[in-house]
Number of protein chains: 2
Amino acid sequence: MQSIPQEKISAASEGLRAIAHEVRLSVLCHLLNGTMCVAELMEATGASQSNLSQHLTKMRLLGIVKNEKRGQQVYYHIANPAFAELVQALKSIYCPEMCEQALVDAEPTILLKEH
Amino acid sequence: MQSIPQEKISAASEGLRAIAHEVRLSVLCHLLNGTMCVAELMEATGASQSNLSQHLTKMRLLGIVKNEKRGQQVYYHIANPAFAELVQALKSIYCPEMCEQALVDAEPTILLKEH
DNA sequence: TTATTATATTAGCAAGTGGTGATTTATCTA
DNA sequence: TAGATAAATCACCACTTGCTAATATAATAA
C-alpha cells in the first residue's frame with residue numbers, strides 16, 4: 001500500500017475544516033443550486049448578517065466561493081468544482097432521498113437567479 | 001428547491017469535523033486498506049501514543065471506527081461505510097493518481113488565496 | 001446633499017479543540 | 001509473582017474558532 005503524503009493530508013484537512021462548519025456547509029448546499037446574494041443566504045441559513053459575512057469572507061479567501069457585485073448586492077457562487085463534488089457526495093450520504101429526487105425532477109425554476 | 005433540514009446539516013457537519021483533523025484523516029486513509037493496531041497507526045501517522053489514542057477514542061465514540069482487542073494489541077477498522085466512501089471521495093479529489101478511477105478533471109487546487 | 005440599504009470589517013470575549021506528560025489499566029512473559 | 005509492553009485516561013495549558021455588537025464602506029434613493 002502507498003501511504004498518503006502529508007501535504008495531501010494537510011490540504012484535504014484544510015478543505016474539510018473549511019466546509020465542516022454548519023453555517024458554511026449550509027451556504028454551500030444552497031449554492032449547489034446556483035448563485036445567491038448575501039440577503040438570500042441570510043434568509044436561507046438563518047445566520048446573522050455579520051456572522052454570515054465572516055463565513056463568506058473565509059470561504060472566499062480559501063478559494064471555495066467567488067463573489068460578484070451587482071448594484072448593492074453581492075452574489076456568491078461555488079468557485080471550485082471539487083467542493084461542489086464534495087458537498088454533493090455529502091448530500092447523497094446524509095440526504096439520499098433529496099438526491100434521488102433531484103435526479104428525477106425537472107429543473108427547478110426558481111433557483112438560478114443569475115442575470 | 002427543497003432546503004436542507006437543519007438536523008441533516010448538523011449531522012453532516014459533525015461527521016466532517018470528525019474526519020477533518022489531520023491525524024484522524026490520516027488514520028482513516030490508512031484504515032481504508034484494512035484493519036490496523038494502534039502501534040501500526042502510530043508508525044503510519046507519526047502521532048504520539050497519547051495523542052493518537054485520544055483521536056481513536058473520539059472516532060470510536062462517534063461510530064466512525066470500531067476496535068477489537070487481540071492480546072495486548074487493539075485493532076481498529078472503519079465501522080461506517082459512509083465514512084469510507086467520504087474518505088475515498090476525498091482521496092480521489094486530492095490524490096487522483098493514487099485512485100484506480102482517477103478523476104481526470106478534478107484538480108486539487110483548492111487553496112489559492114486572493115488579494 | 002442627506003438618508004437608506006446591503007455588505008464588510010473590527011474588537012473583544014467565551015467556548016471549543018488539540019497537544020504533552022504523567023498516570024492507570026490490562027495483558028503478556030520470565 | 002514481578003516486570004514489561006500496549007493502550008487508555010487524566011490534568012493542564014495554549015491556541016483557535018466563532019459569535020455579538022459596533023462601526024465602516026459603498027451604492028442607491030429622495
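Just so we're clear, the structure is a prediction, and the values are computed from it rather than from any experiment.
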- Query: Looking across every strand, which nucleic acid part, if any, lies under 4.0 Å from B/Q49 by heavy atom: base, sugar-phosphate, or nothing?
  - Reply: base

For [Y], does its backbone N or O pair with a side-chain atom of [X] as donor and acceptor, under 3.5 Å?
{"X": "A/E40", "Y": "A/C37", "result": "yes"}
{"X": "A/R24", "Y": "A/A18", "result": "yes"}
{"X": "B/T45", "Y": "B/L41", "result": "yes"}
{"X": "A/S92", "Y": "A/Q88", "result": "yes"}

- Using only heavy-atom distances, decide whether a donor-acceptor pair under 3.5 angstrom links the side-chain of B/S50 to the base of D/dT9. yes

Distance, rounded to the nearest Å, where [X] contributes [atom1] and [N] contributes [atom2]:
{"X": "B/E14", "N": "C/dG16", "atom1": "CD", "atom2": "P", "result": "14 Å"}
{"X": "A/L52", "N": "C/dT7", "atom1": "CG", "atom2": "P", "result": "9 Å"}
{"X": "A/N67", "N": "C/dT7", "atom1": "CG", "atom2": "P", "result": "11 Å"}
{"X": "A/L41", "N": "C/dA6", "atom1": "CG", "atom2": "P", "result": "14 Å"}
{"X": "B/N51", "N": "D/dT9", "atom1": "CG", "atom2": "C1'", "result": "13 Å"}
{"X": "A/Y75", "N": "C/dA6", "atom1": "OH", "atom2": "C1'", "result": "11 Å"}
{"X": "A/Q73", "N": "C/dT5", "atom1": "CD", "atom2": "P", "result": "13 Å"}
{"X": "B/E43", "N": "D/dA7", "atom1": "CD", "atom2": "P", "result": "13 Å"}

Given [options], the nucleotide with the shortest approach to the side chain of [X]:
{"X": "A/Q54", "options": "D/dG18, C/dG18, C/dT9", "value": "C/dT9"}
{"X": "B/R17", "options": "D/dA7, C/dT17, D/dC19", "value": "C/dT17"}
{"X": "A/V38", "options": "D/dA7, C/dT7, C/dT9", "value": "C/dT7"}

Interface polar pairs with nucleotides 27-30 of chain D, N/O, under 3.5 angstrom:
none

- 5'-most contact on DNA chain D (nearest-nucleotide basis), A/K58 vs B/R60, goes to B/R60

Any side-chain N or O of [X] under 4.0 Å from OP1/OP2 of [N]?
{"X": "A/H21", "N": "D/dC19", "answer": "yes"}
{"X": "A/Y76", "N": "C/dA8", "answer": "yes"}
{"X": "B/H55", "N": "C/dG19", "answer": "yes"}

- Can you measure from OG1 (A/T35) to NE2 (A/H30) and round to the nearest 0.5 angstrom? 14.5 Å

- Which residue, B/R24 or A/S53, contacts DNA chain C at a nucleotide closer to its 5' end, judged by nearest heavy atom? A/S53

- Message: Please check if the number of heavy atoms outside A/E43 that lie under 6.0 Å from its CD is greater than 12.
- Response: no

- Query: Would you say the side chains of B/Q6 and B/S10 form a donor-acceptor pair under 3.5 Å?
  - Reply: yes

- Heavy atoms of B/S26 and A/I9 approach each other most closely as CA-CD1, 3.7 Å

